Amino acid sequence: MRQATTILTLNTTRQGLVDVTDQIVRWLREQQMTEGLLTVFCRHTSASLLIQENAAPEVRTDLEAYFARIAPESREYLHDDEGPDDMPAHLRTALTQVQLSIPLIGGRLALGTWQGIYLFEHRRRPHRRTLALHLIGV
């Protein structure tokens with residue numbers, strides 16, 4: 001049994017879903033493991049992770065619009081240290097997840113045909129985000 005870890009740094013440009021599948025798969029290939037479990041952990045409270053459809057861009061557009069409706073920007077939140085998108089970003093993170101576990105089978109992530117791994121940036125302005133990757137396997 002082996003383990004490997006890394007920190008993946010991403011620069012976001014706007015609010016929305018950022019496909020990080022290719023960066024993660026590149027790192028996985030370098031590890032040369034065939035069976036195991038990958039954990040992806042988002043090290044932020046105003047961004048999150050999703051496994052979502054990677055074929056139709058309308059899915060991402062609809063998801064972004066949905067989260068804007070259920071956690072809208074408002075001056076009514078007590079916490080607004082970094083502006084009106086601050087607290088909605090925390091709410092959106094609370095409604096999604098900051099950790100994913102994905103099996104590695106036959107040297108490939110066991111994602112479905114139309115699945116990709118996304119960082120969900122909940123803030124409007126650009127941010128530098130980090131994901132901790134941990135792979136355990138053989």
Side-chain angles (χ1 to χ4, degrees):
M1 196 63 76
R2 292 182 33 228
Q3 294 188 62
T5 60
T6 195
I7 301 295
L8 183 62
T9 302
L10 309 158
N11 293 309
T12 64
T13 58
R14 62 166 189 87
Q15 224 171 33
L17 290 155
V18 179
D19 190 342
V20 296
T21 312
D22 289 344
Q23 294 101 308
I24 291 171
V25 167
R26 270 195 298 279
W27 178 78
L28 280 172
R29 283 189 192 125
E30 293 171 6
Q31 307 320 305
Q32 298 181 338
M33 290 189 208
T34 57
E35 310 295 328
L37 184 66
L38 172 69
T39 300
V40 183
F41 180 76
C42 179
R43 301 172 63 192
H44 304 279
T45 59
S46 59
S48 58
L49 296 166
L50 292 177
I51 293 177
Q52 199 45 255
E53 178 173 329
N54 62 5
E58 297 84 6
V59 171
R60 295 185 295 278
T61 302
D62 287 342
L63 277 167
E64 292 167 13
Y66 174 77
F67 277 92
R69 285 192 307 274
I70 64 171
E73 289 188 23
S74 170
R75 296 267 180 216
E76 295 182 22
Y77 297 116
L78 297 176
H79 177 73
D80 65 353
D81 295 354
E82 297 178 48
D85 69 336
D86 194 5
M87 190 60 211
H90 295 299
L91 292 171
R92 294 169 190 174
T93 298
L95 293 169
T96 52
Q97 53 201 343
V98 294
Q99 176 182 306
L100 300 172
S101 295
I102 307 163
L104 181 70
I105 301 171
R108 298 174 55 111
L109 288 176
L111 293 171
T113 302
W114 307 114
Q115 289 183 324
I117 304 167
Y118 290 88
L119 172 73
F120 200 168
E121 175 60 70
H122 300 302
R123 301 297 306 275
R124 278 187 273 124
R125 64 182 169 82
H127 279 80
R128 178 168 288 205
R129 300 300 192 178
T130 55
L131 303 178
L133 306 183
H134 176 250
L135 178 61
I136 186 164
V138 292

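Remember, predicted model here, so these are calculated numbers, not experimental data.
Looking at T93, its side chain does come within 3.5 Å of a backbone N or O of T45 through a donor-acceptor pair. Of the possible donor and acceptor atoms, one in the side chain of T21 sits under 3.5 Å from a partner among the backbone N and O of I117. Between the side chain of R123 and the backbone N or O of E82 there is at least one donor-acceptor pair closer than 3.5 Å.
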_Assess the residue pair T130 and H44 against the criterion (side chain to side chain contact (heavy atoms under 4.5 Å, CB included)); give the C-alpha distance rounded to whole Å, side-chain angles, the decisive distance to 0.1 Å, and a yes or no._
CA-CA 8 Å; T130 55; H44 304 279; 3.5 Å; yes

Margin query: Working note: L135 + Q3, criterion side chain to side chain contact (heavy atoms under 4.5 Å, CB included); need CA distance, chi angles, decisive distance, verdict.
Written below: CA-CA 6 Å; L135 178 61; Q3 294 188 62; over 6 Å; no

Walk me through whether H122 and S48 qualify under side chain to side chain contact (heavy atoms under 4.5 Å, CB included). CA-CA 8 Å; H122 300 302; S48 58; 2.8 Å; yes

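Residues L8 and L104 share a hydrophobic cluster, clusters being chains of Ile/Leu/Val/Met/Phe/Trp/Tyr side chains in contact below 4.5 Å. Side-chain heavy atoms closer than 4.5 Å link hydrophobic residues (I, L, V, M, F, W, Y) into clusters, and following such links, possibly through other members, connects L100 to I24. Linking ILVMFWY residues whenever their side-chain heavy atoms come closer than 4.5 Å, directly or via other members, places W27 and V18 in the same cluster. Note on L37 and I105: separate hydrophobic clusters, where clusters join Ile, Leu, Val, Met, Phe, Trp and Tyr whose side-chain heavy atoms are under 4.5 Å apart, directly or indirectly.
For the pair V40/V20, no side-chain contact is recorded, criterion being any heavy-atom separation below 4.5 Å from C-beta on. Residues R43 and V98 form no side-chain contact, since every pair of their non-hydrogen atoms from C-beta on lies 4.5 Å or further apart. At a threshold of 4.5 Å between non-hydrogen side-chain atoms, the residues P88 and R124 do not count as touching. Side chains of E121 and L10 form no contact here, defined as non-hydrogen atoms less than 4.5 Å apart. Contact of the L63 side chain with the Y118 side chain is not registered, since no non-hydrogen atoms from C-beta on lie closer than 4.5 Å.
Closest of all the heavy-atom pairs between L17 and E64 is N-OE2, 2.9 Å. Here the closest non-hydrogen pair linking N54 and D19 is CB-OD2, 4.4 Å. T12 approaches R125 most closely through the heavy-atom pair OG1-O, 4.4 Å. Contact record, M33 with I136: SD-C, 4.3 Å, taken as the closest heavy-atom pair. Across L91 and A71, no two heavy atoms sit closer than the pair CB-CB, 4.0 Å. Residues P72 and R92 come closest through the heavy atom pair CA-NH2, 4.2 Å.
No option in L38, I102, L133 other than L38 meets the side-chain contact (heavy atoms from CB on, under 4.5 Å) test with L28.
Atom CG in L95 sits 5.0 Å away from atom CD1 in I70 (nearest 0.5 Å). Interatomic distance, M87 CE to S74 OG, rounded to the nearest 0.5 Å: 11.0 Å.
With a 6.0 Å radius and a threshold of 12 heavy atoms from other residues, nucleotides or ligands, R2 has its CZ atom above the threshold.
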